[in-house]
Number of protein chains: 2
Amino acid sequence: MKTHTESEENYIKALYHLGGDNPVSNGDLAHRIGAKGSSVTQAVKRLSQKNLVTVVPYKGVQLTEDGVQLAKSILRKHRLWETFLVDTLGFGWDQVHPLAEQLEHVQSEELVERLSNFLGAPKHDPHGDPIPQPNGQMPPVLGEPLGAFAKGHTIKVVRVEDAGSEFFDQLDAMNINLGNTYDVEAISSFDASVQLKAPSGHTIWLSHSMCVNIYAVSA
Amino acid sequence: MKTHTESEENYIKALYHLGGDNPVSNGDLAHRIGAKGSSVTQAVKRLSQKNLVTVVPYKGVQLTEDGVQLAKSILRKHRLWETFLVDTLGFGWDQVHPLAEQLEHVQSEELVERLSNFLGAPKHDPHGDPIPQPNGQMPPVLGEPLGAFAKGHTIKVVRVEDAGSEFFDQLDAMNINLGNTYDVEAISSFDASVQLKAPSGHTIWLSHSMCVNIYAVSA
DNA sequence: CTTTTAGTTTAGGTAAAACTAAAAATTATT
DNA sequence: AATAATTTTTAGTTTTACCTAAACTAAAAG
């Protein structure tokens, strides 16, 4: 396994995020990376020389098999570090992303596997996102948006979207955490907001904007 | 607190290692960093523009107060990560240095302090080296070389020098760890080797080369 | 007191990774 | 189909960080 620069890894990560193994446009990639299109053109040229991507000029960039594999290994590291930061060091889930972005570039297979082991070989990170396994296999993406459940169901929160710190603040304010269970009391036909009852008896109302970022399974 | 490149941080670390706040020659610095003298000349020029070092051409480079402070904060991170890798993840002490060199560049005050807290705010790392405290204070450098103890003393191993992986392998083979206690049975007047008796009754002989890298206190 | 030598600096070059500005190709619109 | 709008690429520049080769400084040896 060769070593890659942080910049390279960031491009690979962005490509995987935007398209998986499908082609991605120069512009979308530039926007995601936060660089100008011209910088991206050069960067992907370097990546294609390392056989991490295939480039069709004016058409798009696409991860190769090697590229996808690298992307998954970076994502694995990222999500394991996030798990460590939240579960072991007690960070809030809104704080961990930028830190994991730095930690994910540390190069050591053994470190990743020891970390995974220490954490109990988790399959999902603190946001409920699947952690790619060492063999490249992806655990299932859990849950359905809250709005998908009819009145009367009992549900368990299993995943939240990374929708910015204000969203996470709101979750904290409402004391909503992964694993919490609720009864769906009502779904507004006016604004698609949802009314939930916690086991404690407390009732909370969630706006549609909140609901689409919270995923659950029936429990 | 500004952010620095990894290269910058490596130069600061090397300067601190070689001379503390005393001047260091271009050549020594080049050797330590593993670059050519010319590269060092340019690098320290960049550092002096950031007021991290003072340079007197042909004479030497010296850390400023800011430089020393930065050096200590990097060393703090390095040694806390080493402690984490050994105590929490179970790495051997010969494996952790290159990993800590990567982890020490992660930028986050809060991460360092949470890590320290998780580890029990240690004052010394797995090799017994002092961990600089958040205020810059340095805990004591523990112990004296094994050869300094006379026959009949009971000693406790508190620190080992980083003298390469063969040295660590030898320590492992002899099952010598920090905190172990021994009785000094004899010191050879021929080759300065030392004979120790473990509480288990086992006797071990340490060559002079081993002794000078192992530090102890009387116990 | 000159010469040699060891160490250091300058000068010039390469590569990664970003940028701006302008040209070329693609896509959309009349 | 021709032109307008958008996207992408090319060309040239900047910064960091390394390199080699040549020039310079300081100190020791002759």
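A note on names: the letters A, B, ... follow the listed sequences, proteins ahead of strands, and every chain is numbered from 1.
- Neither OP1 nor OP2 of D/dT16 sits under 4.0 Å from any side-chain N or O of B/K50.
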Open item on the list: One character per nucleotide, please: for nucleotides 15-23 of chain C, 5' to 3', B when the base has a protein heavy atom closer than 4.0 Å, S when only the sugar-phosphate does, - otherwise.
Closed with: -SBBBBB--

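- For the atom pair CE (A/M210) and CG (A/L171), the distance works out to 4.5 Å, reported to the nearest 0.5 Å.
- Within a 6.0 Å sphere centred on NE2 of A/H208, other residues, nucleotides and ligands contribute 12 heavy atoms or fewer.
- The CG atom of B/N10 sits 9 Å away from the P atom of D/dC18 (whole-angstrom rounding).
- For the side chain to side chain donor-acceptor pair (under 3.5 Å) test with B/E8, the passing option among B/R46, B/K13, B/K50 is B/K50; the others fail.
- The closest side-chain donor-acceptor pair between A/H4 and A/H105, if any, does not fall under 3.5 angstrom.
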Name every donor-acceptor pair, under 3.5 Å, that has one atom in a side chain of residues 115-123 of chain B and the other anywhere in the protein, sequence neighbours excluded.
none

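- One atom, CG of A/L29, and another, C1' of D/dT9, lie 15 Å apart when rounded to the nearest Å.
- For the pair A/N26 CG and C/dT27 P, the interatomic distance rounds to 14 Å; values are reported in whole Å.
- Remark: P of D/dT6 and NE2 of A/H31 are 16 Å apart, rounded to the nearest angstrom.
- B/V158 meets the side-chain contact (heavy atoms from CB on, under 4.5 Å) test with B/L142, B/K156, B/V217; sequence neighbours excluded.
- Atom CG in B/D28 sits roughly 13 Å away from atom C1' in C/dA6 (whole-Å rounding).
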